[in-house]
Amino acid sequence: MSLVDVTRLELTSADRSVLADCSLTIRPGERVGLVGRSGSGKTALAHALFGHTRTGIARTGGSVRVAGHDPFTAAGARRVRGRAAAYVPQDCASALPAERRIGWLLDRAARRAGVPRAGLAPARDAVMGSLGLDPGLARAFPHQVSGGQAQRVALATALLAGAELLVLDEPTSGLDPRAAADLVRLLRRGTGAVAMLLISHDHDIVAEVTTRRLAMEKGGLAVGPSDRPARPFSPPAPAPAASPRRSAEPPRPGGAALLRAEGITAGHGAEPVLRGTDLELRAGECVAVMGPSGVGKTTLARVLAGGLAPDAGRLWLREEPCPWPVTRRRGGDRLLVAHVDQDSRGALNPRETVAVALRRARRAALRRGLVPEPAAELLRAVALPAASAGRVPGELSGGERQRVNLARALAAAPQVLLCDEVTASLDPDTERRVLALLAELRTERDLAVLLITHSAAVAATADRVLELRHGLLVPAVRHRDRERV
Amino acid sequence: MTRFLLARLGTALATMAVLSAALFLATDALPGDAAGAAAGADATAEERAELRERLGLDRPVVERYLAWLGASLTGDLGRSAAAGRPVGEMLASRFGSSVLLVATAVVCIAVAATMLGMPAGLRSGRPVDRLVSSGTVTLLALPEFLLATVLLAVFAHGAGLLPAVSLIPLGDSPWQHPQALVLPVASLFLAGVGIATRLLRAAVATAAESPAVEQARLSGERGLRLAWSYVLPAAAAPAVQGLAVTTAGLLGGSLVVETLFDYPGVGSELARAVAYRDTAVVQGFGLALAGTALLVLLLGDLVSGLLDVRSRSAAVTGGRGERRLR
């Protein structure tokens with residue numbers, strides 16, 4: 001008997017079909033990979049296994065059985081959710097309850113699985129140890145951990161549930177290559193005979209972890225294109241416009257430092273993650289920042305964007321001293337730096353349509369006498385369909401939300417763009433388009449780009465690659481070597 | 001957090017200063033004054049002028065305001081022209097009763113708003129929500145005096161279960177006569193429960209749509225555990241502020257309710273003082289009510305700030321916790 005049996009499932013939202021005639025079976029212990037373009041309905045299918053549809057989406061046909069239960073009934077949902085199946089969501093940072101400590105969250109997961117009170121601490125320590133999480137993190141609140149750590153915490157709660165089926169939605173998107181490799185190793189060997197549905201745009205990881213691959217195409221499932229022997233990871237072709245400047249030659253003469261920061265010290269609690277970090281960004285330049293998860297990359301972006309005040313450090317914009325908080329920057333300086341946050345769900349107003357979000361950003365630019373691109377043009381540039389303008393973030397996929405975030409940042413016609421894992425949830429095709437767009441903006445508009453990424457291939461499109469290590473930015477060693485999984 | 005607290009305290013003090021000036025000028029601008037009332041209807045113009053001079057009412061308004069403010073800060077609120085007693089003493093004897101009345105109503109409101117607002121917010125758009133929402137809108141539309149009058153007609157005059165007038169022997173606390181508290185508390189409860197429930201419902205509905213709650217549902221959390229451990233903590237901060245606003249509004253509502261039931265609180269005495277043009281009492285009691293309302297709002301902000309774990313961390317921008325700019 002199969003563990004998962006999805007028969008002709010049909011999901012529809014008000015204006016489009018999300019899934020049509022989608023059938024899927026997973027045998028006990030089988031590991032299935034699911035790839036597909038951003039927005040093709042991968043997450044909607046994962047949710048359907050738990051009997052859940054997001055607001056606006058409805059099941060219009062077909063049936064779902066997980067371990068023999070129909071999750072769309074109340075009794076079935078009780079047996080499936082957190083029992084027969086466990087879910088690791090995309091955007092883990094905002095999927096952890098902000099008011100609860102990590103330890104509480106793990107204990108709840110263990111309690112749901114029937115672990116007695118006395119067994120909670122050992123169970124928690126074991127799972128944290130196996131995922132490489134510091135035991136001290138049990139005392140931390142979700143806002144105090146990095147994106148990669150949040151991802152591992154979510155995985156830990158799923159493992160604690162002791163389910164027969166693990167559904168992982170983009171589990172490696174926030175992880176640095178080392179952590180991603182660790183995770184892949186763990187998923188391959190450390191999860192026992194658990195069946196798995198792994199959703200990822202990263203064909204490589206899917207190939208390594210799973211035994212059968214499926215591709216989501218236009219709401220239906222097909223045998224995956226990657227259902228062939230694992231191939232070495234092929235990085236996206238470097239964006240053509242970027243290549244002339246990719247040599248190690250110094251920045252072009254006359255290129256003024258748009259943004260310069262010295263001695264940034266920042267972080268949560270007593271132990272700062274940034275300890276006197278310096279950074280300079282010139283017009284048209286692209287600087288990649290790499291480093292293991294939790295090292296302070298996101299903190300650096302938030303500090304530069306003016307959303308998080310550092311404990312120390314000085315900032316110059318266009319060679320003029322500038323205060324840190326964006327609210328205290330002068331009018332013209334406020335729009336100079338745009339920030340695309342890693343947590344794409346948290347960064348967008350859930351009640352606001354894409355069109356409204358873009359219009360607000362464009363108006364801000366128009367008030368300052370800047371010339372932003374038309375909204376339709378921006379959507380096209382980030383490879384989003386024009387119809388997405390009328391949707392709210394909840395109706396978009398993770399990858400689509402990320403690109404909306406990018407489009408909104410560009411709508412304010414910035415001169416400096418801080419991109420925090422902006423391609424992390426994108427399939428290789430879309431990732432290439434986004435990188436090409438950034439390259440184009442750098443040549444045409446002299447946009448300076450700070451590219452925070454875990455992917456060596458993405459970093460390779462930058463002029464300089466820096467690594468955040470022990471709170472300092474240092475030139476990355478061997479950055480041309482693609483240390484990939 | 002400390003910076004936030006100091007800034008918030010500063011704002012409250014500035015608001016208090018503006019309010020006290022507005023209060024003083026408004027009572028001063030009212031036609032007729034204590035001298036007129038105290039001298040009686042058949043007093044001559046000379047007698048009134050003499051009385052006015054004796055009471056210091058002929059000095060310029062700014063001078064009188066500053067003198068009054070200075071005296072108020074040292075605890076001397078002046079002397080009632082009608083009763084002849086110090087205002088501070090009158091306030092002390094009545095303040096406790098009013099606090100008891102409003103606090104009892106607020107506790108009832110907090111419990112009822114949670115019990116109604118949680119299910120409504122968690123099932124927004126469904127029948128439970130529609131029922132609660134239309135019920136609370138109806139309550140919101142009804143003014144306190146109407147609610148109180150209906151309660152009086154039904155429970156006091158119709159059924160005769162409860163006293164129509166909250167007669168409390170001098171020197172006794174309302175606690176010793178709970179039956180006298182029931183109708184005033186019920187009126188205030190009905191006046192405030194609508195807005196409090198709606199504010200809580202909105203906070204819960206927002207929290208219920210959050211990714212964290214979605215993930216909790218998918219992990220198998222449901223029912224009371226989901227509501228209590230995941231939704232309520234996320235909704236608590238805005239809900240506490242909503243309750244603080246409701247409480248501040250009830251302080252004003254208590255004036256009407258206390259007068260209707262003749263409850264021996266600040267509100268009924270204030271209404272009487274307005275009728276007698278007893279300026280010192282109006283100013284003193286008004287100042288106390290305004291100060292209490294500001295204090296309640298300040299407490300609401302403080303508690304909701306403490307509930308936000310992000311504001312407790314060391315990295316704080318402008319005192320409001322790590323707020324990412326979007």
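Sequence lines set the chain letters: A, B, ... in the order given, protein chains first and strands last, and positions in each chain run from 1.
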Return yes if a side-chain donor-acceptor contact under 3.5 Å exists between A:Thr265 and A:Asp311, otherwise no.
-> no
Relative to chain B, which of A:Pro71, A:Pro97, A:Ala86 shows the most heavy atom pairs under 4.5 Å?
-> A:Pro97
For B:Ser210 and B:Tyr230, test the side chains for any donor-to-acceptor distance below 3.5 angstrom and give the result as yes or no.
-> no
Donor-acceptor side-chain pairing of B:Arg225 and B:Ser229 below 3.5 angstrom = yes
Lys NZ or Arg CZ of A:Arg100 over A:Trp104 ring: under 6.0 Å, within 45° | yes
For chain B, the option from A:His52, A:Arg54, A:Arg112 that forms the most heavy-atom pairs under 4.5 Å | A:Arg112
Side chain, backbone, both or neither of A:Trp324 within contact of chain B (heavy atoms, under 4.5 Å) | neither
By a 4.5 Å heavy-atom criterion (distance strictly below it), what part of A:Arg83 contacts chain B: side chain, backbone, both, or neither?
-> neither
Heavy-atom side-chain contact between A:Thr299 and A:Lys297 under 4.5 Å = no
Please determine, among A:Ala158, A:Ala95, A:Gly82, the option with the most heavy-atom pairs under 4.5 Å with chain B.
-> A:Ala95
Determine whether A:Arg108 and B:Glu221 make a side-chain contact, defined as any pair of heavy atoms from C-beta on separated by less than 4.5 Å.
-> yes
Proximity of A:His47 and A:Tyr87 rings by center, below 6.0 Å = yes
For A:Ala161, is it the side chain, the backbone, both or neither that has a heavy atom under 4.5 Å from a heavy atom of chain B?
-> neither
Between A:Arg79 and chain B, which part of the residue has a heavy atom less than 4.5 Å away: side chain, backbone, both or neither?
-> neither
Part of residues 120-141 of chain B lying next to chain A, heavy-atom separation under 4.5 Å = none
Residues forming a salt bridge (charged side-chain N to carboxylate O under 4.0 Å, His left out) with A:Arg401, sequence neighbours excluded = A:Asp91
Begin from the C-alpha positions of A:Asp169 and A:Thr43 and carry the test side chain to side chain donor-acceptor pair (under 3.5 Å) through to its verdict.
-> CA-CA 7 Å; A:Asp169 198 349; A:Thr43 300; 2.8 Å; yes
